[in-house]
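Report on the following structure.
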Amino acid sequence: MSEDCTEDLLLGGRVRLRQPRRGLRAGLDAVLLAAGIPARPGQVVLEAGCGSGAAFLCLAARVPGLRIIALERDAGLAALARENAATAGLAAEVIEGDVRDRALARRLPSCDHAFANPPFWPGGTPPPEPGRQAMTHAAGEAAGLEDWARFLAAPLARRGTLSLILPAARLDAGMAALAGAGCAGTLLLPFWPREGVAAKRMLLQARREGRGPARIAPGLVLHGPGEGFSPAAEAVLRDAAPLPIS
């Protein structure tokens with residue numbers, strides 16, 4: 001796979017990412033997800049479905065000194081994630097496995113934060129390319145959102161955060177999956193394409209054994225009046241600023 005890859009830059013060049021030329025390529029969602037993880041140096045983070053490593057690489061570029069554990073089912077992508085981590089000087093542990101493997105989840109060390117950009121559509125017409133199908137559609141025997149949430153929550157320490165980036169249309173399913181995994185006090189952060197336009201993406205973040213009602217953060221407007229990103233989005237996407245989560 002590494003021979004049929006491109007090298008791309010994220011976070012204004014802070015992250016170099018080798019990823020497959022074909023299939024679902026990492027970009028905006030991975031950077032936004034990483035920007036929403038409230039990690040601190042020295043903490044342990046877990047990513048499920050890491051692909052070639054874009055999200056954990058972006059998180060590590062913003063927060064140094066993390067212990068990174070990542071899970072990826074595809075052996076070729078897992079190898080790319082290890083290669084990208086080594087290039088960045090990160091000692092990330094990339095494990096090949098499936099989020100439905102309960103025994104694997106129980107063997108993981110205690111984590112402070114867990115996150116994923118999971119396959120989000122349970123049905124419908126998948127894209128024709130197999131690589132994109134596996135990363136966007138959870139049809140048939142594939143793991144559903146409940147499986148992803150349970151896997152991520154299993155090693156979470158009490159009050160640790162579980163974060164998912166999802167289409168806004170999957171709000172109900174995402175909230176239910178987090179609750180079913182024992183995570184509550186959910187924060188919803190919408191990503192508005194432009195001012196006055198309905199959100200198409202959102203970050204859902206809950207805490208293991210959390211309490212309190214769900215909250216809605218102000219969110220992030222991605223594009224300004226012209227073709228470019230808004231200043232707030234530029235700060236996140238180019239300058240490695242965290243998302244405005246309160």
Side-chain angles (χ1 to χ4, degrees), residues 26 29-63 65-73 77-78 81 85 90-120 135 138 143-166 170 173-189 201-211 214 217 242-243 245:
D29 282 2
V31 181
L32 292 173
L33 174 61
I37 311 306
R40 301 189 304 273
Q43 290 188 323
V44 182
V45 300
L46 167 67
E47 181 182 7
C50 70
S52 54
F56 75 68
L57 288 166
C58 288
L59 176 58
R62 179 171 62 85
V63 185
L66 296 172
R67 180 183 177 188
I68 298 167
I69 303 168
L71 179 82
E72 175 50 51
R73 186 176 63 176
L77 288 174
L90 298 176
E93 180 182 357
V94 180
I95 303 166
E96 291 177 33
D98 193 291
V99 295
R100 294 168 295 183
D101 189 338
R102 300 289 183 86
L104 172 59
R106 289 192 293 269
R107 292 197 300 271
L108 294 174
S110 177
C111 299
D112 300 289
H113 307 282
F115 55 98
N117 178 13
F120 33 76
M135 296 180 186
L145 287 180
E146 300 85 356
D147 299 302
W148 286 80
R150 281 196 295 264
F151 182 89
L152 291 165
L156 265 186
R158 184 176 181 274
R159 301 290 295 168
T161 67
L162 194 164
S163 303
L164 302 174
I165 189 165
L166 295 168
R170 297 291 281 155
M175 294 282 288
L178 291 173
C183 298
T186 304
L187 175 75
L188 163 64
L189 189 147
R201 284 284 192 275
M202 62 181 178
L203 180 77
L204 286 180
Q205 186 172 95
R207 291 187 179 272
R208 182 72 186 270
E209 301 180 31
R211 295 182 179 180
L243 284 175
I245 295 177

Problem set entry | Approximate separation, where rounding is to 0.5 Å, of Trp148 CH2 and Asn117 CG | 8.5 Å
Exercise. Looking only at heavy atoms, which two atoms of Pro155 and Leu46 are closest? And how far apart?
Worked result: CG-CD2, 3.7 Å
For this session: Mark yes or no for whether Arg208, through its side chain, and Ala153, through its backbone, hold a donor-acceptor pair below 3.5 Å.
Result: yes
Problem set entry | From Leu77 atom CG to Glu96 atom CD, the distance as rounded to the nearest 0.5 Å | 10.0 Å
For this session: Over all heavy atoms of both residues, which pair between Gly36 and Gln205 is shortest? Give the atoms and the distance, please.
Result: O-NE2, 2.8 Å
Exercise. Of the non-hydrogen atoms in Ile68 and Ala60, which two are nearest, and what is the gap between them?
Worked result: CD1-CB, 3.8 Å
Problem set entry | Audit row: Leu108, Ile95, side-chain contact (heavy atoms from CB on, under 4.5 Å) steps and yes/no | CA-CA 10 Å; Leu108 294 174; Ile95 303 166; 3.8 Å; yes
Exercise. So, do Val63 and Ile37 sit near enough that their side-chain heavy atoms are less than 4.5 Å apart?
Worked result: no
Problem set entry | Donor-acceptor contact below 3.5 Å, side chain Asp112 vs main chain Gly160 | no
Exercise. How long is the span from the CD atom in Glu93 to the CZ atom in Arg67, to the nearest 0.5 Å?
Worked result: 6.0 Å
Problem set entry | Contact summary for Leu162 and Ala149, nearest pair of heavy atoms | CD1-O, 3.5 Å
Problem set entry | Nearest heavy-atom neighbours spanning Leu178 and Ala206 | CD1-CB, 4.1 Å
For this session: Could you tell me whether a side-chain N or O of Arg102 sits under 3.5 Å from a main-chain N or O of Ala154, the two making a donor and an acceptor?
Result: no
Seminar exercise, completed: Heavy-atom closest pair (Arg159 atom, Arg207 atom, distance to 0.1 Å) is O-NH1, 2.6 Å
Exercise. Could you walk me through whether Leu32 and Leu203 pass the side-chain contact (heavy atoms from CB on, under 4.5 Å) check?
Worked result: CA-CA 8 Å; Leu32 292 173; Leu203 180 77; over 6 Å; no
For this session: To the nearest 0.5 Å, tell me how far Arg201 CZ sits from Leu166 CG.
Result: 8.5 Å
For this session: Test side-chain contact (heavy atoms from CB on, under 4.5 Å) on Val45 and Phe115 and set out the steps.
Result: CA-CA 8 Å; Val45 300; Phe115 55 98; 4.1 Å; yes
Exercise. From Leu57 CG over to Glu47 CD, what is the distance, rounded to the nearest 0.5 angstrom?
Worked result: 9.0 Å
Exercise. Do Arg62 side-chain atoms and Ala39 backbone N/O form a donor-acceptor pair below 3.5 Å?
Worked result: no
Exercise. Does some side-chain heavy atom of Leu71 sit less than 4.5 Å from a side-chain heavy atom of Asp101?
Worked result: no
For this session: Check for a donor-acceptor pair, side chain of Glu72 on one end and backbone N or O of Gly51 on the other, with a separation under 3.5 Å.
Result: yes
Seminar exercise, completed: Rounding to 0.5 Å, atoms OG (Ser163) and CG (Leu187) come to a distance of 9.0 Å
Problem set entry | Side-chain touch Leu152/Leu164, heavy atoms, less than 4.5 angstrom | yes
